[in-house]
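For reference, the structure is listed below as C-alpha cells.
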Amino acid sequence: MKNTYRSIFVWGDKHEENLGKGVIELVKEKFGYTNEDFQQQYMFGDKEVILEKPCSFPEKIIDQFVEISGKENVEKSDYARASHAMGYFFAELLLLRKGAINTPPDLVIYPKNEDEISKILQLCNRENIAITPMGGRSSVTRGLETSKGGISLDLTRHFDNILEINEINQAVKVEPGVYGPVLEKYLNAHSFTCGHFPQSFEYSTVGGWVAARGAGQESTHYGKIDDMVLALKVISPAGIIETKDYPANAQGWDLNKTFIGSEGSLGIITQITLKIRKYRPENTAYSSFVFKNFESATTCMRKTMQEGFGTPALFRISDPEETATAFKIKGFDNTFSDKILRAFGYHSGKRCLMFVTTEGDSDYTQLVKNKIRKTARAHGGFHTGGKPAKDWLKQRYNSAYMRDPLMDVGIMTDTVETAVPWDKLLPLWKAVRTYLETRDKAHVMAHISHVYENGANLYFTFLSPMKKGVELEDYTAYHKGLIDTIHQNGGSLSHHHGIGRTLAPWMEDEMGKTAMELMKASKKFLDPNGILNPGSIFGENPDE
Ligand SMILES: Cc1cc2nc3c(=O)[nH]c(=O)nc-3n(C[C@H](O)[C@H](O)[C@H](O)COP(=O)(O)OP(=O)(O)OC[C@H]3O[C@@H](n4cnc5c(N)ncnc54)[C@H](O)[C@@H]3O)c2cc1C
C-alpha cells in the first residue's frame, strides 16, 4: 500500500533500516527483551491515510488559491494534507503511527514565485486563514503542526533554485527550498562548501536551517547558520523586508537576526545569501582519542577552544554511556585494542571517545591537529589515529535511521539538546542524567558536538520501553521533567532544534516578560492577525 501513515513518518527517503546485531543485544541486555519482542510491529502505521476532517474552506476560497497558484499547485487530498500536518517530534511520530491527525491543514500550496506568495499571504490575512511555511518538514519541535488548519505552504517544489554564486565575495544566494545535498554538490563543483551539515542534512532545506536557527556537525569551525547568513528576503503580511549582503554593518539593529529563528512566525523567507568557504577535503586532518573520563575530555575540549591556536571542524566527545554503547555496537569490546586500552587504565563505563577534524589551508590544519594532540596528551587522551573519526564521518547521518525500527518494537527513542556555559556543563550533564535515569529501564547517552570558547552544547539521547496504551501521556510527562531539569540547571531551551510548540510554554520564563512583549510586538507589527504559523514560539494563546 502506498499512501500509508508509515510512508509519511519513516525517516528520510523511505530507506528503512533493520536493527543490527549490536543494537539487538543492547536492547536485550538493557530492557530484558526476548527474540519474540523483536517480532512486534508496534503501532506500525501501515494503514492507508484517511482523514476524518475534510478541507473546511468554501469552494470560492479554494478557487481563489487555485487562481493564484494553479490547480496543479493546490492540493487537498487526504494524503497531501496528512503529510503536511506535522514534523518529526517524537509525540508527532506517535500520532502518525496511530493515524491520529486531528488538525490537518485544509490545503497544501506550492507557490511558484514571490508574487504568488504575496497574494496568498494577502488572501490569508483577509480571510484569517493560518499559514505555515514548510521546507523539508524535519522539525523536531512541533514547529510545523498545523494546529489551526489553514495552508501548508510547501517551498520545496518551486522555490528550490540556486540563484547566484559570487566567488569574489564568497557568497551564494539561494531560494529556501534547496535541500542540503543539492547545495553542497553545487558548491563543491565550484570548489566551495557551505559547511552546514546537520544530521538531517539529506532531508532538510536552507530555509528550514535559517528559520529554525540550526547547527551542523562542523559548526565549531563554520559556525551556526546564524553566523553564515549575509542577507535575507522576507515577505510578511506587513510588506517585504530585504537586507543587503554587507560583510558587516552598524545600521541599527540586525534584522537578519530577527528572522533567523523566527520559525515561520514572522514571514516567509524567499531568498537567502549565505557565506561560503573554500572546499579542500585533501587537507582535512583526522584524529581520535580516548580519555579516561568525561571530566578530562571536557577540559581538553575547553582548553582547545580557549588557547587561540585555531578551531577543529568536527569536534565531539561521547560521554561514558555513549562511548560504551558505540563500542558494544561496533563489536569493539574484548578485542585486542580494547584490552590495550584497559591495560592503560581506560575502563569501560568511564572512558570517553573524542573525534576531531581540522579543515582549511594545509599548514593550518596540521598546526591545529598537532596542537590538539598535545592538548589531548596533557589531559590523558590516548591517540587512536585518524581512522575512527574518518569512519564516523562516513556514517554521520545514519543513527537517525534507527529510530523507526526501535519504535516498531515498542521503544521510545528521542533526543534533546541544550547549550550551557563551561562552568555549568558537568553539573547540568549529571542532573539531566539523574533525571532521565529515574525512569525504570532507561538507556541514556550524551555527547558534546558544538563547541565554543565560552561553553558547549549537550545532546542527550534516551531509549526506554514505551508504556503501552498510554505512550503519549507517558512520554509527555517524562519530556516535561527533562526540559524543567535543563531549564533549572542553566541550560538554554535549545541550541539548534528551535522552539516550536514543544518548548513555547517555557519561553516567557526563559526570556523574561519584557523580552517576550518585545517579540510579540514585532510579531503583531509583521503579522497583525496572527496567521503565520500560529502556536510556534509564542504558544497557542500568545495574548493570555
Ligand atoms: C533525524 C533528525 C536529525 C536532526 N539533526 C539536526 C541537526 O543536527 N542540527 C539541526 O540544526 N537540526 C537538526 N534537526 C532538526 C531539523 O532538521 C532542523 O530544524 C532543520 O533546520 C529544519 O529544516 P527543514 O527544511 O526540514 O524545515 P522544516 O522542518 O520544514 O521547518 C522548520 C521551521 O522553519 C519554518 N520554515 C521553513 N521554511 C521557511 C521559510 N522559507 N520561511 C519561513 N519559515 C520557514 C517552518 O515553518 C518551521 O517552523 C534534525 C531533525 C531530524 C528529524
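Remember, it's a predicted structure, so these values are computed and weren't measured experimentally. Indexing begins at 1, ligand by ligand and atom by atom, following the structure's order. All residue numbers refer to positions in the sequence shown, counting from 1.
The part of W11 lying near ligand 1 is the side chain, judged by heavy-atom distances below 4.0 Å. Using a 4.0 Å cut-off between heavy atoms, A215 contacts ligand 1 through its backbone alone, with no side-chain atom that close. At a heavy-atom cutoff of 4.0 Å, ligand 1 is contacted by the side chain of L155 but not by its backbone. Of the heavy atoms in V210, none comes closer than 4.0 Å to ligand 1. For I225, no heavy-atom contact with ligand 1 is shorter than 4.0 Å.
Residue S536 places no heavy atom under 4.0 Å from ligand 1. At a 4.0 Å cut-off, at least one heavy atom of G267 sits close enough to ligand 1 to count as contact.
Shortest non-hydrogen contact noted between L314 and Q217 is CD1-O, 3.7 Å.
At the top of the distance list for atom 39 (C) of ligand 1, counting protein heavy atoms only, stands P133 CB, 3.9 Å. Of the protein's non-hydrogen atoms, A212 CB, 3.5 Å is the one closest to atom 19 (O) of ligand 1. Closest protein heavy atom to atom 42 (N) of ligand 1: I269 N, 2.9 Å.
With F44 as the aromatic partner, R6 meets the cation-pi criteria of under 6.0 angstrom to the ring centre and within 45 degrees of the ring axis. A cation-pi arrangement, defined by a distance under 6.0 Å to the six-membered ring centre and an angle within 45 degrees of its axis, is present between R396 and F197.
Side chains of S200 and Y88: a donor-acceptor N/O pair is absent below 3.5 angstrom, by distance only.
K330 NZ: 12 or fewer foreign heavy atoms inside a 6.0 Å radius.
You'll find the ring centres of H479 and F89 inside the 6.0 Å limit. Here H495 and Y452 bring their ring centres to under 6.0 angstrom of each other.
The existence of a salt bridge linking K148 and D106 is excluded, since no basic side-chain nitrogen approaches an acidic carboxylate oxygen closer than 4.0 Å.
Between G214, G216, S138, G498, it is S138 that holds the heavy atom closest to atom 18 (C) of ligand 1.
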